[in-house]
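What you are looking at is a predicted structure, and each value in this text was computed from that prediction instead of being measured.
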Amino acid sequence: MSFKDKISSLLFGSKREDPADDTLLPEQDHTPQTAPVTPEAVPSDPSHLELSSDHPILQLHELRREEGVSLPYPRLLMDEDGILPPELLEKEKSRLQSSLKSVCGTRAKAAKGRNRGKHNKKKENEPEEEPVLVMDARPWFHLSSDKIYAWMIIFPPVGPGAEITRDMIYQALAAQGISFGLNTALLDRAAHDRDRYFNLYLVAKGKHAFDGRNGNIVDRFPRVLQRTLEVNEFGQVDYTALNMICNVEEGGEICHLIRPTEGEPGRTVTNQEVPAKSGKAVPLPRGRNTEISEDGDTLIASMPGHVEFSGSTFQVKPVLDIDGDVDFSTGNIKFVGDVNIKGDVLSGFTVKAMGNIYVGGVVETGSTVEAGGDLTVVKGILGDGTTVIRAGRCIFAKYIENATIFVRENLQTDCIVNGRIYCDGDVIIRSGRGSIIGGRVWAAKLISASAIGARSEVKTSVSLGGLPCATLEKDLVRQKLTRLTEELERLDAQLDSPAKTSLIGKVRMKMSVSENRLKQLEEELNAGKEDLKNQKEQDSGRMECGVAYAGTEISFGDQFLRLRQETHQCVAKLAYGEIVLM
């Protein structure tokens with residue numbers, strides 16, 4: 001330190017000395033002195049590279065300052081725009097730290113040799129000093145492990161080396177093989193940027209490869225049935241409606257195939273292709289009674305039935321098997337095929353099928369059974385006046401008691417007690433007891449029984465001819481319309497509320513459906529009456545029985561006859577407009 005500096009230090013306090021003062025004499029130092037540079041406060045940023053105090057890049061930075069160039073503290077941000085995923089930054093930060101320390105250390109070591117040659121004084125009889133080291137500015141590139149991203153740092157020249165130029169940057173890129181996804185605007189700006197040295201640039205971004213999506217199956221029916229309870233607007237639950245039956249029509253869609261997609265290859269910054277995997281195809285789960293559509297994308301039902309997923313395939317069962325009773329474990333049953341019930345239909349439950357229904361046990365009181373085909377009840381139908389049975393074809397039952405029966409073709413049973421039977425075909429009661437006791441039996445063609453009525457003269461009505469099912473259904477629809485009208489009047493009298501509006505809408509919809517059905521039935525009955533007028537008397541119906549007890553009422557249309565005494569081997573028919581017993 002000079003004498004002048006010592007005096008200044010005593011008067012004004014010590015001042016941080018420039019490192020150059022240790023090697024240069026005051027009269028030899030003609031370069032302007034710059035203030036020391038301290039690190040800038042960088043906010044917490046996962047892409048920021050932390051530099052240790054002895055990092056080689058700081059040595060290069062200080063060396064540049066010693067040459068009289070003012071530089072900001074190195075600010076190394078891997079992702080200045082915040083576009084890179086955090087996992088990539090976390091993975092590449094350590095790699096970049098390691099590579100940067102290595103290349104900066106090599107360059108700093110070479111620069112120290114230049115300092116020794118520049119500042120050591122030549123002594124007498126010593127060999128001539130080595131020439132001053134000259135190092136041009138150099139762009140250095142770091143590639144991510146997958147070569148999708150490339151960063152650049154430009155190191156300044158050492159000594160009288162050449163400053164960085166655009167051509168130098170592009171020549172270095174070509175030497176590294178970096179040619180794809182270049183940010184040319186950034187590269188051109190970096191060549192002339194004021195703070196181009198010791199700055200980290202993301203100069204190239206390749207293209208990621210995208211694997212194709214695997215094929216998938218979109219199911220229209222559940223693979224595992226869940227018992228779901230429906231809650232109405234009043235918060236009430238119908239525990240008989242478990243929705244356990246999955247019906248499908250012929251040609252109905254069971255599941256749909258989403259085909260796999262092809263992978264989209266990527267490209268590295270070195271212009272190499274990154275292969276991509278194509279998605280895997282999945283087969284349609286085809287099982288029994290199913291088929292694949294012509295386009296190969298849809299699994300459809302080859303017949304109506306119940307859809308089940310068993311093992312690894314969908315299958316359509318034309319027959320729904322119920323191993324036990326129809327109760328709370330099964331809920332109400334609604335099926336488009338046949339139903340085979342090994343047990344009973346318990347009180348209060350409903351079974352409806354578009355096909356045949358087989359019941360191995362009893363149909364209990366308060367139940368409803370409707371078959372689009374035949375109905376077979378092995379142990380009989382035990383009703384309480386509210387049990388309703390319908391069949392689109394025939395009914396076969398051990399006995400019928402206190403039940404309403406609609407059958408479009410024939411009915412065969414051993415005994416009918418207090419039943420209300422409406423049959424568009426024949427009623428045959430010849431096996432077992434073969435008795436009709438109480439109630440009313442109306443058949444369009446034939447009633448054949450071993451015995452009709454009872455010795456107690458219980459009222460037993462037998463009607464023949466006409467259209468029994470359509471006539472009764474018309475009466476039921478009229479009764480339903482009456483009930484709906486009364487319900488609508490009751491709702492209109494209530495205070496306005498969202499629940500009232502909803503209920504009124506539902507009631508009016510039901511009334512509209514019932515009115516349309518009533519109109520259809522009236523047209524059907526009018527057409528039937530015209531056919532009956534042209535019908536011959538011998539085709540108007542016939543009753544046959546081994547014995548008809550007193551109190552039995554026989555009617556053919558408007559003609560009515562009540563038996564006053566027991567009649568054996570009784571045959572009744574319509575002749576010349578009157579009922580004749582033979």
Side-chain angles (χ1 to χ4, degrees), residues 18-20 31-81 84 89 92-115 133-144 149-173 176 178 183 185-204:
D18 195 301
T31 59
Q33 299 299 313
T34 58
V37 179
T38 57
E40 298 179 5
V42 179
S44 177
D45 189 334
S47 69
H48 179 243
L49 266 66
E50 300 290 344
L51 299 175
S52 61
S53 59
D54 61 345
H55 198 283
I57 196 172
L58 297 180
Q59 299 175 22
L60 294 174
H61 180 270
E62 187 65 20
L63 183 61
R64 181 66 171 170
R65 288 185 61 252
E66 290 176 4
E67 294 178 352
V69 180
S70 177
L71 291 174
Y73 189 84
R75 183 172 178 269
L76 305 178
L77 290 177
M78 297 179 65
D79 184 20
E80 204 163 1
D81 298 328
L84 300 183
L89 295 175
E92 292 299 329
K93 184 183 290 187
S94 59
R95 292 185 67 249
L96 179 55
Q97 286 274 25
S98 177
S99 299
L100 184 62
K101 190 170 185 178
S102 175
V103 70
C104 290
T106 301
R107 190 171 179 86
K109 185 176 180 180
K112 286 180 181 179
R114 170 259 184 191
N115 286 338
L133 180 65
V134 177
M135 299 175 67
D136 293 338
R138 176 195 172 190
W140 173 79
F141 301 97
H142 172 78
L143 273 63
S144 61
Y149 300 96
W151 291 269
M152 178 182 73
I153 290 180
I154 304 176
F155 297 118
V158 176
E163 298 286 342
I164 195 70
T165 64
R166 180 180 182 278
D167 290 340
M168 291 169 65
I169 294 175
Y170 278 92
Q171 287 173 7
L173 286 169
Q176 294 268 344
I178 302 173
N183 188 341
L186 179 62
L187 289 168
D188 293 343
R189 178 170 59 83
H192 307 287
D193 198 352
R194 176 177 170 275
D195 298 329
R196 60 190 177 276
Y197 297 125
F198 301 114
N199 197 1
L200 189 61
Y201 298 95
L202 180 61
V203 295

Distance col, row Leu143:CG vs Ile178:CD1, nearest 0.5 angstrom, shows 4.5 Å
Rounded to the nearest 0.5 angstrom, the CG-CZ distance for Leu58 and Phe198 is 9.0 Å
Residues Met152 and Pro139: closest non-hydrogen pair is SD-CB, 4.2 Å
Between Trp151 and Met78 the two heavy atoms that sit nearest each other are NE1-O, 2.8 Å
Rounded to the nearest 0.5 Å, the CZ atom of Arg166 sits from the CD atom of Gln171 at a distance of 11.0 Å
Measure the shortest side-chain to side-chain distance between Leu200 and Leu96 over non-hydrogen atoms and say whether it is less than 4.5 angstrom.
yes
Leu173 side chain near Leu187 side chain, heavy-atom distance below 4.5 Å:
yes
dist Arg138:CZ -> Met168:CE (nearest 0.5 Å) comes out at 11.0 Å
Please evaluate residues Glu163 and Tyr197 with respect to the criterion side-chain contact (heavy atoms from CB on, under 4.5 Å), reporting the C-alpha separation (whole Å), side-chain torsions for both, the decisive distance (0.1 Å), and the verdict.
CA-CA 10 Å; Glu163 298 286 342; Tyr197 297 125; 2.3 Å; yes
Only residue of Ile164, Thr165, Ile169 satisfying side-chain contact (heavy atoms from CB on, under 4.5 Å) with Asp167 is Thr165
In short, Pro56 meets Gly105 closest at the heavy-atom pair CB-N, 3.4 Å
Practice prompt. May I have the step-by-step check of side-chain contact (heavy atoms from CB on, under 4.5 Å) for Leu100 and His55, ending in yes or no?
Written response: CA-CA 9 Å; Leu100 184 62; His55 198 283; 4.2 Å; yes
Is there a side-chain contact between Tyr170 and Asp188, using heavy atoms and a 4.5 Å cut-off? yes
Separation between OH (Tyr149) and CG (Leu89), nearest 0.5 Å, reads 9.0 Å
- Task: Ignoring hydrogens and angles, tell me if any N or O in the side chain of Ser102 forms a donor-acceptor pair with the backbone of Ser98 under 3.5 Å.
- Result: no
Q.
Determine whether a donor-acceptor pair (N or O, by modelled atom type, separation under 3.5 Å) exists between the side chain of Trp140 and the backbone of Phe155.
A. no
